[in-house]
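Accompanying notes for the structure given below.
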There are 2 protein chains.
Amino acid sequence: MAVTIADIAADAKVSVPTVSRVINGAGTVSEELRERVIRSVEKMNYKPNAAARSLITKRSDVIAVVEADITNPVTARILWEIDACCMKHNKIMLTCNYDSSNEKAIFLLDKLLERHVDGLIFMGVHLDEPLLAKLREFSCPVILAQQGVESGECEFTTVTDDSYHAARDVTDFLIQEGHRRIAYIGGDANDYTNGKLRLQGYLNAMEENGLEVPASYIRQEQFSIEGGHQGMKEIYENNLKLPSAVVCGSDMIAVGAIRFLKSVDLSVPKDISVFGFDDAVSDIFEIPLSTVRSCKRGEILCEQLFKKQEEQGKKEWIYYPYQVLRRNSTRRHQ
Amino acid sequence: MAVTIADIAADAKVSVPTVSRVINGAGTVSEELRERVIRSVEKMNYKPNAAARSLITKRSDVIAVVEADITNPVTARILWEIDACCMKHNKIMLTCNYDSSNEKAIFLLDKLLERHVDGLIFMGVHLDEPLLAKLREFSCPVILAQQGVESGECEFTTVTDDSYHAARDVTDFLIQEGHRRIAYIGGDANDYTNGKLRLQGYLNAMEENGLEVPASYIRQEQFSIEGGHQGMKEIYENNLKLPSAVVCGSDMIAVGAIRFLKSVDLSVPKDISVFGFDDAVSDIFEIPLSTVRSCKRGEILCEQLFKKQEEQGKKEWIYYPYQVLRRNSTRRHQ
DNA sequence: TTTTGTTAAGAAAGCGTTTTCTTAATTCAG
DNA sequence: CTGAATTAAGAAAACGCTTTCTTAACAAAA
């Protein structure tokens with residue numbers, strides 16, 4: 001059997017509450033007893049039982065993160081950041097994959113409810129009503145990452161990329177660099193808020209600069225290499241005048257686009273500049289990709305999670321700061 | 001306040017143990033009461049408190065996975081697989097990053113000890129004595145993934161890639177394909193058991209086929225793109241007769257090697273064949289990489305974890321089955 | 001002195017379950 | 001029928017902590 005607080009109390013010849021006080025640094029206990037307790041704790045290698053403690057304190061020191069797909073490099077990176085922050089706050093991170101199945105997500109959330117986690121970060125898209133209802137059941141702080149609820153007021157604090165402004169900045173940047181014919185390949189904008197906002201940012205930047213956008217310059221495919229490939233192919237086949245630059249809704253799309261361009265002997269960035277989004281492939285892709293990187297995601301998420309203790313009430317929509325990274329998949333256009 | 005088992009008992013007009021029996025499907029309870037209980041549970045949206053349950057059952061339904069780096073794609077993929085298996089067994093996966101710092105790993109393991117997890121998978125390299133000592137403290141099944149302890153008898157059940165045989169097979173395969181001058185670029189073999197075994201497999205295959213291996217054909221760098229780049233560079237610069245094929249200790253190394261070759265205008269696989277390891281970059285890398293893929297990792301790990309309940313005693317070293325995948329970074333040599 | 005206030009530490013209650021122990025009710029063999 | 005065996009369900013204990021309540025000891029103020 002594991003050693004319990006009573007064993008320590010007996011060994012140190014003090015009462016159980018005294019041991020508890022020493023361990024938690026709460027209450028007052030004389031130097032003499034404190035030392036005796038600490039000695040016993042070390043001697044017997046005592047570890048407080050988290051379940052017993054949790055039962056009474058109503059905390060678990062666990063932060064849950066539910067994500068669609070842990071193998072997505074962007075997700076994995078954010079998890080890494082969250083984990084690092086949790087560590088600092090003496091919390092432990094519990095992650096669950098929901099495989100983009102809201103049904104599975106609800107199943108998982110039920111499990112987490114039983115566990116009385118101290119905080120929940122839900123990194124998901126396709127938020128539907130049953131899912132939101134389940135999220136409402138949590139009494140701990142809940143944060144939506146990746147996708148907000150469009151409807152208006154924030155029911156949950158939401159933290160996402162600043163897709164709209166970033167897409168505008170990227171497009172502006174390309175225009176500054178002399179590009180005039182700029183196309184866009186994004187993901188499905190019906191479901192993905194990010195997709196919608198990126199497209200909007202691109203469109204607004206073009207419009208504000210008085211630039212024409214033929215419908216054939218806009219493609220909405222999948223957020224994947226295949227999607228990018230397909231989108232670029234369609235643009236290539238349906239336009240006599242090719243764009244000199246393409247804004248992509250994700251790095252994966254950019255990779256696919258570049259791969260297609262290579263297949264028809266067009267060179268990037270010599271013939272066409274390609275801009276990505278997410279900074280997900282920087283270290284492995286053959287071309288250093290110009291892209292947008294969101295910063296301090298883990299910190300911002302955790303900060304929201306922990307800050308809320310005081311300011312429970314205020315739910316807001318927060319954006320990660322971002323950097324527009326100009327690398328070698330784009331160049332000036334003359 | 002959350003609704004408790006007592007609330008359900010009161011609402012259903014039964015005793016607390018009866019509710020417990022219904023929920024756990026244990027013991028005997030009449031159809032009538034069972035229905036009353038179920039109705040109350042649903043009506044009041046009751047969720048049993050995991051901490052209270054865990055306190056008494058000494059189980060937590062949590063499987064802990066401690067890994068060096070969650071952003072490593074190979075790791076992320078295995079986590080995905082483990083999570084899927086845990087789900088099937090009605091367990092929840094708790095993951096912690098230890099950032100390749102054994103000190104941090106020990107800190108995390110202490111936290112997990114407090115939590116009385118039902119199983120532990122430690123995916124790490126550089127296992128040193130303090131770390132092993134900490135692992136011994138667990139009373140639940142502990143599995144070492146990724147690296148075993150060389151010493152001999154298995155203190156912990158260990159599951160790893162079958163690096164030795166796979167490297168032999170890869171080398172054999174290249175020899176069958178007509179290659180005679182085959183080089184090897186691996187990671188640091190002092191620390192990484194996998195590195196050591198892959199090198200050994202390569203060497204044995206060469207020897208058994210009566211093929212010469214000049215020392216300048218063997219490089220041990222980092223398990224990274226830079227490492228592969230550097231290793232290939234050295235081989236290129238130090239050999240008048242270049243190899244016709246290179247066995248790499250990881251896909252990252254292979255990517256680096258290919259990148260170097262491209263930089264000196266050598267074509268893969270036309271001029272040189274390159275074989276990777278891990279199947280980590282298949283979808284994004286420019287060349288479909290011939291590589292080794294380990295299979296069913298999640299299943300095998302979980303199977304070991306859960307099987308052990310009965311056969312606690314037997315610790316063994318188990319290998320994932322693997323496939324040698326011939327793709328387009330290698331070709332026959334005439 | 002006596003009273004009041006303060007502090008250190010123990011006693012006891014309680015957190016929400018499961019499990020063991022009892023009891024009452026029912027069935028069945030003799 | 002009676003007594004033993006079986007069954008369904010409640011009472012009570014236990015899990016390992018934290019927290020509240022209480023007491024004893026002592027110091028400071030009247």
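Order of the sequence lines sets the chain letters (A, B, ...), proteins ahead of strands, with each chain counted from 1. Computed from a predicted structure; not experimentally measured.
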_Between A/Asn97 and A/Lys104: side-chain donor-acceptor atoms closer than 3.5 Å_ = no

*Specify the separation, in whole Å, of atom CZ of A/Arg115 and atom P of C/dT17.*
13 Å

*Length of the line joining A/Glu114:CD and C/dC15:P, which is rounded to integer Å*: 20 Å

*Can you figure out which of D/dT18, D/dA9, D/dA11 approaches the side chain of A/Ser20 most closely?*
D/dT18

*asked:* Quick check: on DNA chain C, is the nucleotide nearest B/Ala26 upstream (toward 5') of the one nearest A/Thr28, or the reverse? Name the residue that is more 5'.
replied: A/Thr28

_Heavy-atom count check: over 12 atoms from other residues, nucleotides or ligands less than 6.0 Å from A/Glu103 CD?_
no

*A/Glu31 has an atom CD; how far is it from atom P of C/dA9, in whole Å?*
10 Å

*Could you state the atom-to-atom distance from CG of B/Asn49 to P of D/dG16 in whole Å?*
16 Å

*Indicate, with a heavy-atom threshold strictly under 4.0 Å, whether B/Val16 touches base, sugar-phosphate, or nothing.*
base

*Select one nucleotide: of C/dG10, C/dT20, D/dG16, the one nearest the side-chain heavy atoms of B/Arg21.*
C/dT20

_Nearest to the side chain of A/Ile56, heavy atoms from C-beta on, is which of D/dT18, C/dT17, D/dA8?_
D/dT18

_Would you say the rings of A/Phe122 and A/Phe138 are close, in the sense that their centroids are separated by under 6.0 Å?_
no

*Where the side chain of B/Ile5 is concerned, which of C/dT17, D/dG16, D/dG10 is the nearest nucleotide?*
C/dT17

*Looking at the side chain of B/Thr18, which of C/dG16, D/dC17, D/dA9 is the nearest nucleotide?*
D/dA9

*Given C/dG16, is OP1 or OP2 found less than 4.0 Å from the side-chain N or O atoms of A/Lys58?*
yes

*What are the two closest heavy atoms between B/Cys86 and B/Met93, and how far apart are they?*
SG-CB, 4.4 Å

*By nearest nucleotide on DNA chain D, pick out whichever of A/Arg53 and B/Ser30 is the more 5' one.*
B/Ser30

*Starting at the 5' end of DNA chain D and moving along, which residue's nearest nucleotide shows up first, A/Ala51 or B/Leu33?*
B/Leu33

*Measure from CG on A/Asn24 to C1' on D/dC17 and round the result to the nearest Å.*
9 Å

*asked:* Using OP1 and OP2 only, check whether a side-chain N or O of A/Thr4 sits under 4.0 Å from D/dG16.
replied: no

*Round to a whole Å and report the spacing from CG of A/Leu55 to P of D/dC17.*
12 Å

*Rounded to whole angstroms, how far apart are CD1 on B/Ile8 and P on C/dT18?*
12 Å

*Chi angles and distances behind the salt bridge (charged side-chain N to carboxylate O under 4.0 Å, His left out) call for A/Arg136, A/Glu129*: CA-CA 10 Å; A/Arg136 279 184 210 111; A/Glu129 184 44 37; 3.1 Å; yes

*How is B/Pro48 classified with respect to the nucleic acid when contacts are heavy atoms under 4.0 Å: base, sugar-phosphate, or nothing?*
sugar-phosphate

*Report the distance from atom CD of A/Glu32 to atom C1' of C/dA8, rounded to the nearest whole Å.*
12 Å

